[in-house]
Amino acid sequence: AIAGIANGSLRPSGVSLSGSSFSSNTAKTYGGAVAIGGPYNNNQYGNLLIEDSSFSDNSSESSQSSAGGAVYVNVGVTNDVTVYQSSFSDNLSEISAGAIYVTGAGSLTIQLSKFIDNAATGQSNVYDRYGGAVLVDDIAELIVSNSLFGGNKAEGSSTLGYGGAISAQDVENIAFTNSIFAENSSTDNGGALFFYNSTAALVLNNTLLGNESADGGAGSFNGTPTTLINNIFAYSAGDTISSTQSMSSSVNYNDWYQN
């Protein structure tokens, strides 16, 4: 539907999407509905704002390189991505990031938004899957607040799946607050949340219900010092929280029920 990938004087200097609906769009590789930047160019495209908008049944369909079933963003470190009061449902990526993929940016901020039944899954038996709803890679900051993630999944047919709701890799600062993660799943690590090789993470005042994975039904925090405060963890399938690499953690004032 929308692509901003030009270089030089033709490249976009900021994109704002407001009050819009994107449904049943398809891309072969990157960004079923919206693509800003491409896999080989992360210019300073300006900030991306998505507000009061909906994305449903969009897909990126390549079995070799697809990312971002609804939205794909590859921009520069001075550019920020904001998703506010928007919904993403039933979007699909054959490889990773069922709804949103962001790399290279200064920050991704998600507020007052819903991610329902998005999926990173397909028939390819070559590539692992990351981020049933959201995958971020090599950005400075990821902030998620007052949002809902339900029924998202990252599943490979005969490969690995990480982060049923959100997968965050090589991020300097992660903060999740006042959000609900329910019935998300991955085949291998982090039914709801998967953090890898990131500098620090805070998970505060969230509810994680009925999430499922072979390891870390609620979350898998690998090589990422993570602070868990005042969260509810219930009905997780698989170890509720896991870590497979050395890390320091702080766990305080959480409720654990029937995990």
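We're numbering straight along the sequence, starting at 1.
In this structure, Phe181 is a member of the same hydrophobic cluster as Val251, with clusters built from ILVMFWY side-chain heavy atoms closer than 4.5 Å. When the side chains of ILVMFWY residues are joined at heavy-atom separations under 4.5 Å, either directly or via intervening members, Trp256 and Leu193 end up in a single hydrophobic cluster. Under the 4.5 Å side-chain heavy-atom criterion for ILVMFWY residues, no single connected hydrophobic cluster contains both Phe88 and Leu92. No single ILVMFWY cluster, assembled from side-chain heavy atoms under 4.5 Å apart, contains both Ile143 and Leu202. Both Leu160 and Tyr196 are members of a single hydrophobic cluster when ILVMFWY side chains are connected at heavy-atom separations under 4.5 Å.
Val83 is not listed as a side-chain neighbour of Val71, based on a closest heavy-atom distance of 4.5 Å or more. Two residues are said to be in side-chain contact when any heavy atoms from C-beta on lie closer than 4.5 Å; Ser16 and Leu49 meet this criterion. Between Ile241 and Asp239 there is no side-chain heavy-atom pair separated by less than 4.5 Å. With a 4.5 Å cut-off on side-chain heavy atoms, Leu228 and Tyr253 do not count as touching. Using a 4.5 Å heavy-atom threshold, the side chains of Leu135 and Gln169 count as touching. Leu17 has its side chain within reach of Val15: a pair of non-hydrogen atoms, C-beta onward, lies under 4.5 Å apart. Inter-residue side-chain proximity for Ile100 and Phe55 is flagged as unmet; no heavy-atom pair is nearer than 4.5 Å. Between Glu141 and Val171, every side-chain heavy-atom pair lies at or beyond the 4.5 Å cut-off.
Gly106 and Ala140 make their closest contact through O-CB, 3.0 Å (heavy atoms, listed as atom of the first residue, atom of the second, distance). Ile110 and Ser113 make their closest contact through CG2-CB, 4.0 Å (heavy atoms, listed as atom of the first residue, atom of the second, distance). Across all non-hydrogen atoms, the minimal contact from Ala168 to Ser198 is O-OG, 3.9 Å. Between Thr224 and Ala201, the shortest heavy-atom contact is CG2-CB, 4.0 Å. Asn152 approaches Phe115 most closely through the heavy-atom pair ND2-O, 3.0 Å. Scanning all heavy atoms of the two residues, the minimum distance from Ser96 to Ala120 falls at CA-CB, 3.9 Å.
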Working for side-chain contact (heavy atoms from CB on, under 4.5 Å), residues Ile36 and Asn74
CA-CA 6 Å; Ile36 306 298; Asn74 183 7; over 6 Å; no

Please walk me through it: do Ile166 and Leu142 pass side-chain contact (heavy atoms from CB on, under 4.5 Å)?
CA-CA 11 Å; Ile166 298 177; Leu142 169 63; 4.2 Å; yes

Ile95 vs Arg129, side-chain contact (heavy atoms from CB on, under 4.5 Å): CA-CA, chis, key distance, verdict:
CA-CA 5 Å; Ile95 304 297; Arg129 270 62 177 194; 4.3 Å; yes

Verdict with supporting geometry, Ser220 and Ser242, side chain to side chain donor-acceptor pair (under 3.5 Å):
CA-CA 5 Å; Ser220 182; Ser242 75; 3.2 Å; yes

As a quick check of understanding, evaluate side-chain contact (heavy atoms from CB on, under 4.5 Å) for Tyr72 and Val34, giving each step before the final call.
CA-CA 6 Å; Tyr72 174 95; Val34 176; over 6 Å; no

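With no hydrogens or angles considered, no side-chain donor-acceptor pair links Ser147 and Ser179 at under 3.5 Å. Donor-acceptor pairing under 3.5 Å is lacking for the side chains of Ser86 and Ser53. When only modelled atom types and interatomic distance are considered, Asp52 and Gln85 share a side-chain donor-acceptor pair under 3.5 Å. Under the 3.5 Å distance criterion, with hydrogens and angles disregarded, no donor-acceptor pair is assigned to the side chains of Ser186 and Asp188. Checked by atom type, the side-chain pair Ser107/Asp80 shows a donor-acceptor distance below 3.5 Å.
In this structure, the separation between CG on Asp90 and OG on Ser24 is 10.0 Å, given to the nearest 0.5 Å. The structure places CG of Leu209 at 7.5 Å from CG of Asn211, a figure rounded to the nearest 0.5 Å. A distance of 5.0 Å separates CG of Asn231 from CG of Asn254, quoted to the nearest 0.5 Å. In this structure, CG on Asn25 lies 8.5 Å from OG on Ser59, to the nearest 0.5 angstrom. For the atom pair CZ (Phe22) and CG (Asp57), the distance works out to 14.5 Å, reported to the nearest 0.5 Å. If you take CG on Leu208 and CZ on Phe233, they are separated by 5.0 Å, rounding to the nearest 0.5 Å.
When Asp138, Val136, Val75 are each tested for a side-chain contact (heavy atoms from CB on, under 4.5 Å) with Thr103, only one passes: Asp138.
Under the 6.0 Å cut-off for aromatic ring centres, Phe176 and Phe195 qualify, their centroids lying closer than that.
The closest donor-acceptor contact from the side chain of Asn91 to the backbone of Asn58 lies under 3.5 Å. With Ser213 contributing its side chain and Gly216 its backbone, the two residues share no donor-acceptor pair below 3.5 Å. No donor-acceptor distance shorter than 3.5 angstrom exists from the side chain of Ser167 to the backbone of Tyr130, with no hydrogens or angles considered. Remark: the backbone N or O of Gly161 is paired with a side-chain donor or acceptor of Thr187 at under 3.5 angstrom. Of the possible donor and acceptor atoms, none in the side chain of Asp137 sits under 3.5 Å from a partner among the backbone N and O of Asp170. Looking only at distances, a side-chain donor or acceptor of Asn259 sits under 3.5 Å from a matching main-chain atom of Ser236.
Taking a 6.0 Å sphere around CD of Glu155, one finds it holds more than 12 heavy atoms contributed by other residues, nucleotides or ligands.
Hydrophobic cluster membership for Tyr257: Tyr235 (Ile, Leu, Val, Met, Phe, Trp, Tyr linked by side-chain heavy atoms under 4.5 Å, directly or transitively).
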